[in-house]
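Heads up: the structure comes next, in structure tokens.
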Amino acid sequence: MEKIIITLDGYSSCGKSTLAKQMAKVLNYIFIDSGAMYRAITLYFVENQIDYTNDITVQAALKNISLAFDYNAITGSSDILLNGRNVENEIREMRISNLVSDVAANQFVREFGVAQQQKMGLQKGIVMDGRDIGTTVFPNAELKIFVTADPAIRVARRHLELAAKNPGITKEEVQANLAMRDEIDSTREFSPLRKADDAVVLDNSHLTREEQLNTALQWANEKINSISVQ
Ligand code: DC
């Protein structure tokens, strides 16, 4: 069977990573969470007090950053390593979520992220989720999915997830963070979030995880079969 590249883009907290992870498992593909890469860069900038508005400082700092993924048998997906250190939990903290979209809007941060993501796709057999994967990173991907969900449903889902680790967090805080990130991600100058013209839309507002997985897998299998018989 031919292997393909599958991209999943969409707004924050639409369930892209969950779906991408499940698809990769069934297809025996590699799952890459591109957002984790921007979050790890943001963590590095916070820890080293890097001014992300200063391009010279940003370019110098990026030279000291090495990112890798390490398979975690307990969660069944890969944890991100920042200079060899597992930062999978830290990058999900609100202090990083509040800053990551600003950092990810920097031109040099984007070039750094995109170049590494493109290398990861050379062998195909990959499911990558993010904001610009179907438009900038893999414009020739065989299957592009644009995931959407009703904003109120996204807030409720994200709140539930974050409240498990941080019981004090309010729905208002989560709503403000999602709204801010959506705005920055879709209006930035370099590779803004937008649906690729050839992407299929998956609105999962009223779908169970199983239903959305089945829909996406059907699209993937149709594509893989059509390429394999050519
Ligand atoms: O998917 P996520 O919420 O973990 O992503 C964190 C941030 O990283 C998101 O607010 C925007 C940025 N991002 C990006 O600019 N491009 C990507 N391909 C993935 C994420």
Side-chain angles (χ1 to χ4, degrees), residues 1-40 66-82 86-88 91-92 104 110 112-149 157 161 191 193 195-204 207-230:
M1 275 287 171
E2 291 288 327
K3 295 212 167 205
I4 64 170
I5 293 182
I6 301 173
T7 67
L8 274 83
D9 289 304
Y11 293 102
S12 296
S13 296
C14 279
K16 301 182 296 292
S17 296
T18 306
L19 176 59
K21 211 180 287 179
Q22 290 174 324
M23 290 182 79
K25 194 169 174 199
V26 176
L27 296 168
N28 204 11
Y29 277 22
I30 291 169
F31 158 62
I32 302 287
D33 174 358
S34 69
M37 300 169 72
Y38 294 104
R39 285 173 178 271
S66 147
L67 301 177
F69 286 94
D70 185 31
Y71 185 72
N72 178 333
I74 297 167
T75 60
S77 65
S78 294
D79 291 347
I80 189 148
L81 306 183
L82 168 62
N86 189 321
V87 293
E88 185 60 33
I91 60 164
R92 312 282 164 198
R110 293 226 73 77
F112 180 87
V114 170
Q116 298 207 7
Q117 290 149 14
Q118 287 174 335
K119 265 194 225 151
M120 294 171 180
L122 287 175
Q123 310 292 323
K124 300 224 172 182
I126 187 171
V127 186
M128 190 178 289
D129 83 298
R131 305 292 186 289
D132 60 339
I133 311 303
T135 50
T136 302
V137 180
F138 298 123
N140 298 321
E142 288 83 357
L143 176 61
K144 301 178 184 178
I145 302 178
F146 191 82
V147 189
T148 67
R157 285 179 185 160
E161 189 183 308
S191 2
L193 163 66
K195 181 183 113 36
D197 294 336
D198 52 350
V200 282
V201 176
L202 181 58
D203 182 338
N204 65 22
L207 296 181
T208 63
R209 283 187 175 181
E210 198 187 352
E211 286 167 339
Q212 78 159 351
L213 176 63
N214 288 340
T215 305
L217 281 176
Q218 193 179 333
W219 289 335
N221 285 323
E222 279 167 14
K223 196 50 98 173
I224 293 166
N225 290 336
S226 75
I227 289 170
S228 300
V229 295
Q230 273 171 18

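All values below come from the heavy atoms of this structure, side chains included, with hydrogens, waters and symmetry mates left out. Keep in mind that this is a model prediction, so the values were computed, not measured.
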Between Leu8 and Ala20, which heavy-atom pair has the shortest distance, and what is it?
-> CD2-N, 4.0 Å
Partners passing side chain to side chain donor-acceptor pair (under 3.5 Å) against Asn221 (at least two apart in sequence or in another chain) | none
Measure the spacing between CG of Leu143 and CD1 of Ile224 and express it to the nearest 0.5 Å.
-> 8.5 Å
Do any pairs count as a salt bridge (charged side-chain N to carboxylate O under 4.0 Å, His left out) and have a residue in residues 26-35, sequence neighbours left out, and if so which ones?
-> Asp33-Arg92
Is the shortest heavy-atom distance from the side chain of Ile227 to the side chain of Glu142 under 4.5 Å?
-> yes
Closest non-hydrogen atom pair between Val87 and Ala40, with its separation | CG2-CB, 4.3 Å
Verdict with supporting geometry, Thr135 and Lys195, side chain to side chain contact (heavy atoms under 4.5 Å, CB included) = CA-CA 8 Å; Thr135 50; Lys195 181 183 113 36; over 6 Å; no
The complete set of side-chain hydrogen bond (donor to acceptor under 3.5 Å, both in side chains) pairs with one or both residues in residues 16-27, sequence neighbours excluded, reads Ser17-Asp129
Evaluate the side-chain proximity of Ile145 to Met23: yes if any heavy-atom separation is below 4.5 Å, no if none is.
-> yes
Rounding to 0.5 Å, atoms CG (Leu19) and CZ (Arg209) come to a distance of 10.0 Å
Say you draw a straight line from CG of Leu202 to OG1 of Thr148; how long is it, rounded to the nearest 0.5 Å?
-> 7.5 Å
Would you check, one step at a time, whether the test side chain to side chain contact (heavy atoms under 4.5 Å, CB included) holds for Asp132 with Val114?
-> CA-CA 9 Å; Asp132 60 339; Val114 170; 3.9 Å; yes
Listed partners of Asp198 passing salt bridge (charged side-chain N to carboxylate O under 4.0 Å, His left out), at least two apart | Lys144
Here the gap from Asp9 atom CG to Ile133 atom CD1, rounded to the nearest 0.5 Å, amounts to 5.5 Å
Nearest heavy atoms of Phe31 and Ser77, plus distance in Å | CD2-CB, 4.3 Å
For Thr7 and Gly134, work out which heavy atoms get closest and say how close.
-> OG1-CA, 3.6 Å
Between Phe69 and the options Ile32, Leu81, Asp79, the side-chain contact (heavy atoms from CB on, under 4.5 Å) test singles out Ile32
Between Ile30 and Gln123, is a side chain to side chain contact (heavy atoms under 4.5 Å, CB included) present by the stated rule, with each step listed?
-> CA-CA 10 Å; Ile30 291 169; Gln123 310 292 323; over 6 Å; no
Heavy-atom closest contact (Arg157 atom, Ala149 atom, distance) = NH1-CB, 3.9 Å
Mind checking whether Ile6 and Trp219 have side chains closer than 4.5 Å, heavy atoms only?
-> no
Any Tyr38 side-chain heavy atom under 4.5 Å of Ile91 side chain = no
Spacing of OH belonging to Tyr29 relative to CD1 belonging to Ile126, to within rounding of 0.5 Å = 10.5 Å
CZ (Phe138) and CE (Met120) are apart, to the nearest 0.5 Å, by 9.0 Å
side-chain contact (heavy atoms from CB on, under 4.5 Å) involving Asn214 - partner list, sequence neighbours excluded = Glu210
Taking only residues two or more places apart in sequence, or in another chain, which ones meet Glu2 in a salt bridge (charged side-chain N to carboxylate O under 4.0 Å, His left out)?
-> none
Any side-chain donor-acceptor pair under 3.5 Å between Ser34 and Arg131?
-> no
Answer yes or no: is there a side-chain heavy-atom contact under 4.5 Å between Arg110 and Thr136?
-> no
